[in-house]
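Here the structure comes first, spelled out in structure tokens, and everything after it is commentary.
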Amino acid sequence: MRSSSSSSTTPADIGKTETFAELMARVQACMVCAAHLPYPPRPILRASPTARLLIVGQAPGRRVHETGIPWNDPSGDLLRQWLGMTREQFYDVSRIAIVPTGLCYPGTVNGSDLPPRPECAPLWHPQLRAAMPDIRLTLLIGAYAQAYYLGKRCGRTLADTVAAWRDYAPDFLPLPHPSPRNRLWFKRHPWFEAEVIPMMRERVGAVLAAGDNGGAR
Ligand code: SF4
């Protein structure tokens, strides 16, 4: 049986250089908030030490929890459409890491997904981020990802944060969640599709292309 102690650094680990595979094994063995989850923990992420783009979303929904594939749902289809990417390009883990704010499905209440578990991002994001030194751009999708990475730099509303994208460049790009439920938001903020999506494609293309020519920075 997995224990919660497997998810944190022990005295024996100090001074030892952990491989990326060992870090991922610790993530996959995490039981830290098991008591609060509707199912046994199933962390769902994709990461590699060569990734250049990091996508940080909210937390897996039920379908993603069942399939084990992040963004394997209508929201993922729209995100890929925004990025102008095929599924093959999107799931190329050597270039694109996908790490949600909460790695395990948190459950639902009254038909809505619960927030990511608050223990998760502070525990795993710093360790994973440190193990992916080539990340050049992080897409912050939705309010939870923005709150974790931007903190007090967030705008008053999600629209304010997304509209102020220049303030967070070049490291971060805040985005709304591409959920079909947000159609009204997209309609009310036409500048997002007209201005932010083309800019995002350009920046993502440049970040990934730089990794194709020997890692020029
Ligand atoms: S949500 Fe995060 S902290 Fe909780 S069990 Fe899963 S990996 Fe661990």
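The first residue of the sequence shown is numbered 1, and numbering continues consecutively from there. Scope of the values below: all heavy atoms of this structure, side chains included, with no hydrogens, waters or symmetry mates. Indexing begins at 1, ligand by ligand and atom by atom, following the structure's order.
Between the side chains of Arg42 and Gln28, not a single donor N or O lies within less than 3.5 Å of an accepting N or O.
Legend: protein N/O/S atoms lying under 2.8 Å from atom 2 (Fe) of ligand 1, waters omitted, number 1.
Side-chain rings of Trp82 and Phe186 approach one another, their centers coming within less than 6.0 Å.
Hydrophobic clustering (ILVMFWY, side-chain heavy atoms < 4.5 Å, transitive): Val27 and Ile44 are in distinct clusters.
Note on residues 100-118: pairs passing side chain to side chain donor-acceptor pair (under 3.5 Å), not counting sequence neighbours, are Arg117-Glu119. The list of salt bridge (charged side-chain N to carboxylate O under 4.0 Å, His left out) pairs with a residue in residues 173-193, not counting sequence neighbours, is empty.
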Could you give the side-chain donor-acceptor pairs of residues 168-177 under 3.5 Å, partners two or more places apart or in another chain?
unit_1, atom_1, unit_2, atom_2, d
Tyr168, OH, Arg153, O, 2.7
His177, ND1, Ser179, N, 3.2

